[in-house]
Amino acid sequence: MAVPAHDARQEWLLEARGVSKSFPGVVALDDVSLGVATGSVHALVGENGAGKSTLMKIIAGLCTPDSGELRLHGRAVQLDTPRRALQAGIAMIHQELNLMPSMTVAENIWIGREPVSRLGIVRHRELRHRTRTLLERLRIGVDPDTAVGELPIAARQLVEIAKALSHESRLIIMDEPTSALTERDAEQLFTVIGELRAAGRAVLYITHRLDEVFAIADQVSVLRDGRHVGSDRPANLSRDDLIRMMVGRELARIYPGAPGVPGAVVLAAHALTGARFRDVSFELRAGEILGLAGLMGAGRSELAAALFGLSPARTGHLSLDGVRVRIDSPRTALAHGIALLTEDRKESGCFLMLSILENLEIAALGREFVRAGVVRGRAVREACGAMSRQLRVKTPGLDECIGNLSGGNQQKVLLGRCLLLRPRILILDEPTRGVDVGAKSEIHELIARLAAQGTAVLMISSELPEILGMSHRIMVMHEGRVTGTLDRDQADPVQIMQLAAR
Amino acid sequence: MSQARTLETAPGAAGRRTRRWPPEAGILMVLVGLALAFEVLGWIFVRQSFLFNEQRLVVMILQVAVIGIIAVGVTQVIITGGIDLSSGSVVALTAMVAASLAQSSEAVRAVYPTLTDLPLIVPLATGLAVGALAGLVNGSLIAWTGIPPFIATLGVMVTARGIAKWYTHGEPVSLLTDAYAGIGSGAVPVAIFLATAALFHLALRYTRYGKFTYAIGANPQAARVSGINVGRHLIVVYTIAGTLSGLAGIVTSARAESGQSGMGMMYELDAIAAAVIGGASLSGGVGRITGTVIGTLILGVVTSGFTFLRIDAYYQEIVKGAIIVVAVVADQYRQRARRRGA
């Protein structure tokens, strides 16, 4: 795809000036300034958690910055609701599509803005006509009368884009639009993007796929740890330049590091294939911390879910201590000594309305602390109290509701739930996500200690320093496949990123 | 963890219990308030005491005992985040089946002329089994097909009522044995209610069954990750609820000394109301049997108080409806307060 030149310094369509935003415990954006030109495609790249999504949300009116301003055609604007942003000509296409599956394409596009007669009845013919005109203009071959639910994902994405353009938006934000698309569908999307550019619209394009940056972007900006590292035309950069900009960070914190020498192989995966991963084989040793790196959507969490029996792999098999096993439910996984700390604390981790005690004890009750169905209250309370002290959970007592704890302390409780089972194999999915710095290093120390005691640890993390600082070996996944396994001493951030972002 | 013992005790860490008002305190006050209000109104309008009339209190508790037995089961279902609409129909079905096996030889047109004067255990066991079976169907539908509890139990509600009518083609089943009628006489229904309430109060608080029930209601996904077989546990909970509805059907038919297919009409809603008034949350994870017992008594006091003041039954239903709505709104506020604390 040809890249038109943008040499003349033109007026920005949208400009962010000194935008900062923090959430409890995290600085998501730190003094970010960035401009998007009319008639251009501006790509935004960065590691997970670099602040891309937060910046997008601020521009789309989904959250407000703590400081800094947004300027539209040189004039400062307040975009504090998505409605305001839409009125200002900014539309966002979300990663999770926001369409109503049971309604038709036409109804979805014009929802809330249907042409109505004086009696308030929707004029369907007019609606269909408008939709057809719009879709034809974009060369999107979708029938306005089909229910959105019957369309393939790619077509839905195009409907979303049509919806965004029906607002006559001047700036369209796309958050990883190709993550669910096949290559051919992605090509079609790129064609539409090209036409948008030709029509003088601007596209702000978040992606993890660096190839796309070189294929469609006129300008690329890199975010890292909430800071704007730099912007340039892709033609002036090499792939490696881009990767270096994304990861170029010193290991600011000291990690306890991987302890000791791993022992015998306890878990081996042979050619596992499942929903989002293909042909994954690896070995995990006693006392080893195996880091699992990759970008979002690389299939890492799905692999963890398969190992734990939440959604078993379709083909391939697992062996424990060299014996082939079938793990088809979390119960069997736990019975084999495999524990999982899930990625999403609120979704599948905490029982938010229950107490710390109830959150800690629940998994252990499956096999311990129970006599003839009756829970041995005192024994459980003692064990949970000891665990809570060992993990230094900051709380007035075990009967406190877990919902009242900070993210870091909630995470410690969930880790405690796993440890009460004394697992031989511990799978950690983003163990320190959304956790404050203090709790973070405590969790790191704990993981290192568990490994030193012989627990085999599989640690998924999107933070390269964490992966590099903690693991004996690092396995990297990209789009469902293992693209490489590195020993700690030969691994460096650039290398991992190259394997992860192919 | 060998290091657990060697670590120093973090200040303010676990071990201490925080003392707060038990969650039932609020509704207990509502109960007392309602009773006192009827007491005052009683002296003003009918020149009688509402509370100091033993006979009235006995009648009142007897009236709600059946609802209470059902509500004990329904509370557990609600704690898992589900609902059971089939209870009333299951009462009718078990009343019919149990009564048909409890007829005395005096019955001229007995359902099973050869099966009269059977020992008490036969109608009892069969009645409980019928209730359990209905609950098993509820639970299995929910666990295996994944349809919402509302729909599954709505289907069983209609079907069970249909079977109850079909069983004798609408004829009531009467002339029951004295032993069977004994289950419904005197304070026996109240004793059954309180015994089941005590049993399941303990089960919910102190057994693995109880812990799993709360966990599933609080977060089914996390329950699964914690190794709980969620489907199997739901089947157990619905089966228990069905069995208790069966027990309520036995008590109802024993009290009336007959089985009728129209028995138990709307009981499911009274039972759900009792649980919700008692603090059970329809979004799951929250609820206690003690609360449900108080909720049941509140329903009893309202019914009895209105009769006592000689107010039309219509008003009773209107007020009952309002109480349920107020209870659910109060639940919403509690939930929101909890979320804000998070």
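Order of the sequence lines sets the chain letters (A, B, ...), proteins ahead of strands, with each chain counted from 1.
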| query | For B/A223, is it the side chain, the backbone, both or neither that has a heavy atom under 4.5 Å from a heavy atom of chain A? | reply | both

| message | Taking side chain as everything from C-beta outward and backbone as N, CA, C, O, which of these in B/L202 sits under 4.5 Å from a heavy atom of chain A? Side chain, backbone, both or neither. | response | neither

| field | Nearest atoms (heavy-atom pairs only) where A/G349 meets B/A222 | value | O-CB, 3.3 Å

| message | For a quick test of reading the model, state the closest non-hydrogen atom pair linking A/L340 to B/V225 and the distance between them. | response | O-CG1, 4.4 Å

With a 4.5 angstrom heavy-atom cut-off, is it the side chain or the backbone of [X] that approaches chain B, or both, or neither?
X	value
A/L334	side chain
A/C418	neither
A/V370	side chain

Strictly distance-based, threshold 3.5 Å: is any side-chain N or O of [X] a donor or acceptor partner for the main-chain N or O of [Y]?
X	Y	result
A/R417	B/S226	no
B/N219	A/E347	yes
B/R208	A/L365	yes

| message | Just verifying a value: how many Å separate B/K211 NZ and A/L354 CG, rounded to the nearest 0.5 Å? | response | 9.5 Å

| remark: The reported gap from OG in A/S348 to CZ in B/R224 (rounded to nearest 0.5 angstrom) is 10.5 Å

| query | So with a 6.0 Å cut-off around CE of A/M100, is the heavy-atom count from everything else above 12? | reply | yes

